[in-house]
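None of the values given here were measured: they were computed from a predicted structure.
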Amino acid sequence: MLRDWITYLTLLVFFMLLYQYRMDYIPFWVILIPLAVATGISAWGASRVDSNYFIKTLCKGDSKEKAVALSFDDGPVENYTPQILDILRKHEISAAFFCIGHRAAAAPELLRRIHSEGHLIGNHSYSHHALFDLYPTFKMKADLQKANDVIEQVIGETPKLFRPPYGVTNPMLARAVKKFDFISVGWSIRSLDTMIKDEDELFERVTKKIKAGDIFLFHDTCAATVKILPALIKKLQREGFAIKRIDELLKIPAYA
C-alpha cells in the first residue's frame, strides 16, 4: 500500500540522516525534512477522498458505460429532501442518500419514504460533528454504530455503504470502517452546493466536464440544488447518460 511504502521510506531516510547528524556531517534541521514531507503527504491523503491513502474509496464507475449516479449527503431534512424526492420520482430516477443519523432519527417517516421510493440509504455518521475527524477509533465506532442502528430500525436494512464526513479520512476512521466492513464511497464531481448559492454558477460547475462513470455529490440541504436538479437530469438524459443508483453503477451491494 502506498501509505506503508511512504512510512518505510521516511523511517529509512530519517535514520540515515540521524546517523549522519551523529557523525557531525549534517545540521540537525536536515533530519526534519523527511518528517515534514511525510506529514505533508499524509495531510494530502487525509483531505483527498479519492487518494485511497488511508481508506480504499470508490469514487467513479466504469468509464466504458455511459452512466452516472446522483448522491445526496447530510439529510434528511424536511425543507428540501421531499422536494428532491418529488423531482426524482417525476423523472423516475433512483439516487443515493448518505444520511446523518441524528437527522434520520428526527425524521423517520422521511427516511422511510427515501427507502420506499427505491433510493439507497448509506451511513454518513450519526453526529457529523465538526471534530469528528479528531475522534479516537472507539468513539468513531460508537458514532457509526448509532447511525446504523437508527437506519436499520426505520427501514429494516443495515447500510453497507459509508461516506466519510467532510470527505476526510485518517487511521482512526480506517480502523472503524474495517470493523463494520463498510464500502467507502466518494465522488468524482463535487458540487460545492453548500457554498455556491447561485443557481447558474452551480449548474455550470457540475456540468462542465461530465464523463462516463461520474458520481455527483450534492446535499439535500441546499435550495440551489433543488433548483438545478430538473435541468441537470434533462441535460444528462439528452446527452445519452443513463442515471443509475450508485450501487448499480459501482456493482456493489447496497446493504449488509
Do you know the tightest heavy-atom contact between [X] and [Y]?
X: L249; Y: A69; value: CD2-CB, 3.7 Å
X: S125; Y: F162; value: N-CE1, 4.3 Å
X: I155; Y: L111; value: CG2-O, 4.1 Å
X: L144; Y: F180; value: CB-CE1, 3.8 Å
X: G213; Y: V68; value: N-CG1, 4.4 Å
X: L120; Y: A254; value: CD1-CB, 3.4 Å

Quick one: pull up [atom1] in [X] and [atom2] in [Y] and give me the separation to the nearest 0.5 Å.
X: L85; Y: H119; atom1: CG; atom2: NE2; answer: 5.0 Å
X: D193; Y: L202; atom1: CG; atom2: CG; answer: 6.0 Å
X: S188; Y: I215; atom1: OG; atom2: CD1; answer: 6.0 Å
X: I189; Y: C59; atom1: CD1; atom2: SG; answer: 12.0 Å
X: K56; Y: S51; atom1: NZ; atom2: OG; answer: 13.5 Å

Donor-acceptor pair, distance only, cut-off 3.5 Å: does the side chain of [X] make one with the backbone of [Y]?
X: S71; Y: F216; answer: yes
X: T57; Y: S184; answer: no
X: R163; Y: G186; answer: yes
X: Y255; Y: I121; answer: yes
X: T194; Y: L192; answer: no
X: N170; Y: D133; answer: yes
X: D143; Y: S127; answer: yes

Is the [atom1] atom of [X] crowded by more than 12 outside heavy atoms at less than 6.0 Å?
X: K234; atom1: NZ; value: no
X: K178; atom1: NZ; value: no
X: E239; atom1: CD; value: yes
X: K141; atom1: NZ; value: yes

Will you find, in the side chains of [X] and [Y], an N or O donor that is under 3.5 Å from an N or O acceptor?
X: H219; Y: D73; value: no
X: D149; Y: Q153; value: no
X: T169; Y: R48; value: no

Original post:
Picking from T81, N79, T225, what satisfies side chain to side chain donor-acceptor pair (under 3.5 Å) with D220?
Top reply: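 Option passing the side chain to side chain donor-acceptor pair (under 3.5 Å) with D220: T81.
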Original post:
Partners of V150 by side chain to side chain contact (heavy atoms under 4.5 Å, CB included), sequence neighbours excluded?
Top reply: A104, A105, Y126
Subject >> Test side chain to side chain contact (heavy atoms under 4.5 Å, CB included) applied to P159 - qualifying residues, sequence neighbours left out >> reply: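 P159: side chain to side chain contact (heavy atoms under 4.5 Å, CB included) contacts with N123, N148, I151.
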Determine, using the 4.5 Å side-chain heavy-atom cutoff (strictly less than), whether [X] and [Y] are members of one ILVMFWY cluster.
X: F72; Y: Y80; value: yes
X: L173; Y: V49; value: no
X: L134; Y: F54; value: no
X: L161; Y: V168; value: no
X: V77; Y: L217; value: yes

Are [X] and [Y] within salt-bridge range, i.e. N to O under 4.0 Å?
X: D86; Y: R89; answer: yes
X: E65; Y: K251; answer: yes
X: R103; Y: D74; answer: no

Original post:
Pick one: which of V226, L70, T221 meets side-chain contact (heavy atoms from CB on, under 4.5 Å) with I84?
Top reply: V226
**OP:** Please collect all side chain to side chain donor-acceptor pair (under 3.5 Å) contacts where either partner lies in residues 198-210, sequence neighbours excluded, each pair once.
**Re:**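 Non-adjacent pairs meeting side chain to side chain donor-acceptor pair (under 3.5 Å): zero.
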Original post:
Between H124 and H128, is the gap from one ring center to the other below 6.0 Å?
Top reply: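 Judged by ring-centre distance (under 6.0 Å), H124 and H128 do meet the cut-off.
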Original post:
So do the side chains of F97 and P76 get within less than 4.5 Å of each other, counting heavy atoms only?
Top reply: no
